[in-house]
Participant: 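So that we are looking at the same thing, I have put the structure below in C-alpha cells.
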Amino acid sequence: MAFRMKPEHRYALKLKLDQLWYEGWVRFDRWELLSFFNQQRVTKSVWREIEDMWAEMFSDPNNADRLSYVTVRSEDSVTTPHSFLLINEAQRHDIK
C-alpha cells in the first residue's frame, strides 16, 4: 500500500532516513508518523513504506540494510508507544 504523502512530509521523512543512514538510528515521535502517513495508528504498512523508502536509497534496493525498531513508552502501564527508535541493523553493533 503506497501512501499519498504531502511533499513536505515526504521530505521530512527523507531527512529522517538520511539521519538513519549516517548515524545508524533515528527517533520518530508517534505524532510524526501519524502525521506523515495521515493515519490513526502506526501499522505494519507504515513500517513497510519506510522500509521501501529506505531500500530506494541503496544502489541495489534488494541489498538494503535491514531495519528494526524499538518502541518507547513513558511507563509500563501505557500500551501505546509515544516514540520509536529505528535502527540500521548493519550498524547495531555500535549501539550497546
Participant: Show your reasoning for whether side chain to side chain contact (heavy atoms under 4.5 Å, CB included) applies to Ser83 and Arg30.
Facilitator: CA-CA 5 Å; Ser83 59; Arg30 183 173 178 270; 5.9 Å; no

Participant: Under 30°, 30 to 60°, or over 60°: which ring-plane class applies to Trp47 and Phe28, parallel, tilted or perpendicular?
Facilitator: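 Plane angle over 60°, so perpendicular.
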
Participant: Rounded to the nearest 0.5 Å, what separation is found between the OG atom of Ser68 and the CG atom of Asn88?
Facilitator: 8.5 Å

Participant: Give a yes or no answer on whether the side chain of Asp60 reaches the backbone of Asn62 with a donor-acceptor pair at less than 3.5 Å.
Facilitator: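 Confirmed, Asp60 side chain pairs with Asn62 backbone.
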
Participant: With salt bridge (charged side-chain N to carboxylate O under 4.0 Å, His left out) as the rule and sequence neighbours excluded, what pairs involving residues 31-44 come up?
Facilitator: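 Output for this query lists Lys16-Glu32.
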
Participant: Please determine if Asp18 and Lys14 form a salt bridge, counting it only when a charged side-chain N lies under 4.0 Å from a carboxylate O.
Facilitator: yes

Participant: Could you give the distance from OG1 (Thr43) to CZ (Arg48), rounded to the nearest 0.5 Å?
Facilitator: 7.5 Å

Participant: Enumerate the residue pairs fulfilling salt bridge (charged side-chain N to carboxylate O under 4.0 Å, His left out) with a member in residues 78-91, sequence neighbours excluded, ordered by first and then second residue.
Facilitator: Glu89-Arg92

Participant: Measure the spacing between CH2 of Trp31 and CZ of Phe36 and express it to the nearest 0.5 Å.
Facilitator: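 One gets 6.5 Å once the value is rounded to the nearest 0.5 Å.
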
Participant: With side chain to side chain contact (heavy atoms under 4.5 Å, CB included) as the test, would you mind laying out the steps for Ile50 and Leu33 before giving the verdict?
Facilitator: CA-CA 10 Å; Ile50 290 171; Leu33 293 176; 3.8 Å; yes

Participant: For the pair Phe84 and Arg27, evaluate side chain to side chain contact (heavy atoms under 4.5 Å, CB included) and give the outcome as yes or no after the intermediate values.
Facilitator: CA-CA 6 Å; Phe84 304 88; Arg27 176 186 165 155; over 6 Å; no

Participant: Taking atom CZ of Phe58 as the centre, does the number of heavy atoms from other residues, nucleotides or ligands within less than 6.0 Å exceed 12?
Facilitator: yes

Participant: What is the minimum heavy-atom distance between Trp21 and Gln91, and which atoms define it?
Facilitator: O-NE2, 3.8 Å

Participant: Quick one: do Leu13 and Met57 end up in the same hydrophobic cluster if we chain Ile, Leu, Val, Met, Phe, Trp and Tyr together by side-chain heavy atoms under 4.5 Å apart?
Facilitator: yes

Participant: How many angstroms lie between atom CG of Leu15 and atom CZ of Arg10, to the nearest 0.5 angstrom?
Facilitator: 13.0 Å

Participant: Looking only at heavy atoms, which two atoms of Leu67 and Leu20 are closest? And how far apart?
Facilitator: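 Nearest heavy atoms, Leu67 then Leu20: CD2-CD2, 3.6 Å.
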
Participant: Minimum heavy-atom separation for Trp54 to Asp65, with atom names?
Facilitator: NE1-O, 2.8 Å

Participant: Is there a path of hydrophobic side-chain contacts, each under 4.5 Å between heavy atoms of I, L, V, M, F, W or Y residues, that connects Leu34 with Tyr69?
Facilitator: yes

Participant: Report yes if some heavy atom in the side chain of His9 is under 4.5 Å from a heavy atom in the side chain of Arg4; otherwise report no.
Facilitator: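 His9 does not reach Arg4 side chain to side chain.
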
Participant: Counting only heavy atoms not in Asp29 (residues, nucleotides, ligands), do more than 12 fall under 6.0 Å from its CG?
Facilitator: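 Atom CG in Asp29 is packed in, count exceeds 12.
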
Participant: Heavy atoms only: give me the nearest Ala55-Ala64 pair and the separation to one decimal.
Facilitator: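 Between these two residues, the closest heavy atoms are CA-CB, 3.7 Å.
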
Participant: Hey, is CZ on Arg66 packed in by over 12 heavy atoms from elsewhere, all under 6.0 Å?
Facilitator: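 No, CZ of Arg66 has 12 or fewer neighbouring heavy atoms, counting only those of other groups under 6.0 Å.
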
Participant: Please test Val72 against Leu85 for side chain to side chain contact (heavy atoms under 4.5 Å, CB included), starting from the C-alpha separation and ending with a verdict.
Facilitator: CA-CA 8 Å; Val72 180; Leu85 301 179; 4.2 Å; yes

Participant: Looking at Gln40, I want to see if its CD is surrounded by more than 12 non-hydrogen atoms of other residues, nucleotides or ligands under 6.0 Å.
Facilitator: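 Open: at most 12 neighbouring heavy atoms sit under 6.0 Å from CD of Gln40.
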
Participant: Look at the side chain of Arg73 and the backbone N and O of Thr79, then say whether any donor-acceptor pair between them is shorter than 3.5 Å.
Facilitator: yes

Participant: Can you sort out the partners of Glu56 under salt bridge (charged side-chain N to carboxylate O under 4.0 Å, His left out), two or more places apart, ordered by chain and number?
Facilitator: none

